[in-house]
Peer 1: 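Submitted below is the structure of interest, expressed as structure tokens.
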Amino acid sequence: MADRTVLRDAETVGKADRAVVRDALGVGVAVGLSGFAFGVTSAGSGLTLMQTCALSLLVFTGASQFALVGAVAAGGGPFTAAAGAFFLGVRNAFYGLRLSQLLALPRAVRPFAAHWVIDETAAVALAQPTRRGARIGFLVTGLSLYVLWNLTTLLGALGAEAMGDTDAWGLDAAGPAVFLALLAPMLKSGTERAVAGLAVLLGLGLLPVLPAGVPVLMAALAAPVVLWADGRRKGQGDER
């Protein structure tokens with residue numbers, strides 16, 4: 001009887017593990033293919049093949065990478081471009097605080113795992129009901145996405161070099177299109193949509209009057225403005 005119980009438990013754990021691996025691979029493959037768009041966009045903005053591949057290998061956070069090459073393509077300086085990418089990447093630090101408690105990885109592993117702390121690995125890990133599932137989800141998502149993202153980045157950059165002028169093919173729009181596709185599903189509440197809308201207005205409105213790359217940084221002011229207005233509105237509602 002005890003042996004049967006142990007066998008059933010093992011089968012249950014095995015099914016749960018396979019389900020996590022399946023979901024993690026699905027996320028890793030789906031998002032990893034977007035690296036092709038980044039490779040094309042980066043090469044089209046003037047970055048070399050080595051610079052493009054180094055960004056995916058060392059930075060490995062899609063939104064920040066797209067922001068950086070977008071600012072460079074618009075004529076922004078390296079510091080302005082890096083600042084915009086940095087502010088977008090700050091969110092990963094908050095993911096790391098939560099994942100550190102959830103995964104409880106050995107100290108020796110944490111510096112390497114930190115490189116894989118991004119939207120997708122955090123989402124898959126946090127969706128799991130157990131620490132075992134979270135660790136499997138984080139590992140499989142991170143590994144599959146890292147390998148595929150870097151491979152497709154290389155292919156995209158090589159393809160852009162072979163095609164020549166990416167603007168003539170309309171591929172300069174690939175980066176923004178992918179970025180919007182990744183962002184849109186995250187805008188679930190009215191506050192989030194308001195932040196996104198105001199950020200667009202600030203970015204486009206300031207584009208003609210500020211140096212390239214700076215409007216992106218100014219668009220970040222949308223978040224505190226909307227949150228302040230939302231808090232003020234709720235406070236007035238409570239007073240009534």
Peer 1: With rounding to the nearest 0.5 angstrom, report the CG to CD1 distance, N92 to I118.
Peer 2: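 Answer rounded to 0.5 Å: 7.5 Å.
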
Peer 1: Compare every heavy atom of V124 with every heavy atom of A24, then report the nearest pair and how far apart it is.
Peer 2: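 Between these two residues, the closest heavy atoms are CB-CG1, 4.2 Å.
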
Peer 1: Can you list the residues that meet the side-chain hydrogen bond (donor to acceptor under 3.5 Å, both in side chains) rule with R110, with sequence neighbours excluded?
Peer 2: none

Peer 1: Run the side-chain hydrogen bond (donor to acceptor under 3.5 Å, both in side chains) test against T141 and tell me which residues pass, sequence neighbours left out.
Peer 2: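 Result, side-chain hydrogen bond (donor to acceptor under 3.5 Å, both in side chains) vs T141: none returned.
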
Peer 1: State the CG-CZ distance between L151 and F36, to the nearest 0.5 angstrom.
Peer 2: 11.0 Å

Peer 1: Which pairs count as salt bridge (Lys or Arg N to Asp or Glu O under 4.0 Å) when at least one residue sits in residues 59-81, sequence neighbours excluded?
Peer 2: none

Peer 1: Quick one, V59 and L68 - any side-chain contact, counting heavy atoms below 4.5 Å?
Peer 2: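 In short, these two side chains do not touch, never coming nearer than 4.5 Å.
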
Peer 1: Of all heavy-atom pairs between G28 and S144, which one has the smallest distance, and what is that distance?
Peer 2: CA-OG, 3.5 Å

Peer 1: Quick one: hydrophobic cluster around L201, which other residues, with the 4.5 Å side-chain cut-off, linked directly or via members?
Peer 2: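 Taking Ile, Leu, Val, Met, Phe, Trp and Tyr as members, L201 stands alone, with no cluster partners.
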
Peer 1: Could you tell me which non-hydrogen atom of V31 sits nearest to which non-hydrogen atom of L145, and how far apart they are?
Peer 2: C-CD1, 3.8 Å

Peer 1: Can you list every side-chain hydrogen bond (donor to acceptor under 3.5 Å, both in side chains) pair that touches residues 47-58, not counting sequence neighbours?
Peer 2: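 Listed once each, the pairs are S42-T52, T48-Q51, S56-Q65, S56-W149, S56-T153.
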
Peer 1: For M50, which fellow cluster members are found when Ile, Leu, Val, Met, Phe, Trp and Tyr are connected by side-chain heavy-atom distances below 4.5 angstrom, either directly or through intermediates?
Peer 2: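 Grouped by the 4.5 Å side-chain rule, M50 forms a cluster of one, so the answer is none.
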
Peer 1: Pairs in or reaching into residues 82-103: which pass salt bridge (Lys or Arg N to Asp or Glu O under 4.0 Å), with residues at least two apart or in two chains?
Peer 2: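 Residue pairs with at least one partner in residues 82-103: R91-D119.
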
Peer 1: Could you please spell out the steps behind the side chain to side chain contact (heavy atoms under 4.5 Å, CB included) verdict for L139 and T121?
Peer 2: CA-CA 8 Å; L139 174 63; T121 55; over 6 Å; no

Peer 1: Indicate the atoms forming the closest heavy-atom contact of F38 with L55, along with that distance.
Peer 2: CZ-CD1, 3.9 Å

Peer 1: Can you tell me how far CH2 of W116 sits from CG of L99, rounded to the nearest 0.5 angstrom?
Peer 2: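 The CG atom of L99 sits 13.5 Å away from the CH2 atom of W116.
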
Peer 1: Applying salt bridge (Lys or Arg N to Asp or Glu O under 4.0 Å) as the test, list every pair that has at least one member in residues 22-43; sequence neighbours left out.
Peer 2: none

Peer 1: Out of curiosity, L57 CG to N150 CG, how far, rounded to the nearest 0.5 Å?
Peer 2: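 Nearest 0.5 Å value for the CG-CG distance: 4.0 Å.
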
Peer 1: List the residues meeting side-chain contact (heavy atoms from CB on, under 4.5 Å) with R131, not counting sequence neighbours, and say none if there are none.
Peer 2: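 With sequence neighbours excluded, R131 shows a side-chain contact (heavy atoms from CB on, under 4.5 Å) to A104, R135, given in chain and number order.
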
Peer 1: List in chain and number order the residues that pass side-chain hydrogen bond (donor to acceptor under 3.5 Å, both in side chains) with T191, two or more places apart in sequence or in another chain; answer none if no residue qualifies.
Peer 2: none

Peer 1: So, for A222 and A199, which heavy atoms are closest and what is the spacing to 0.1 Å?
Peer 2: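 Taking A222 first and A199 second, the nearest heavy atoms are CB-N, 3.5 Å.
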
Peer 1: Sequence neighbours excluded, which residues qualify as side-chain contact (heavy atoms from CB on, under 4.5 Å) partners of A134?
Peer 2: L102, L103, A125, Q128

Peer 1: Which other residues belong to the hydrophobic cluster containing V20, where Ile, Leu, Val, Met, Phe, Trp and Tyr are joined when side-chain heavy atoms lie under 4.5 Å apart, directly or via other members?
Peer 2: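 Cluster partners of V20: V21, L25, I136, V140.
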
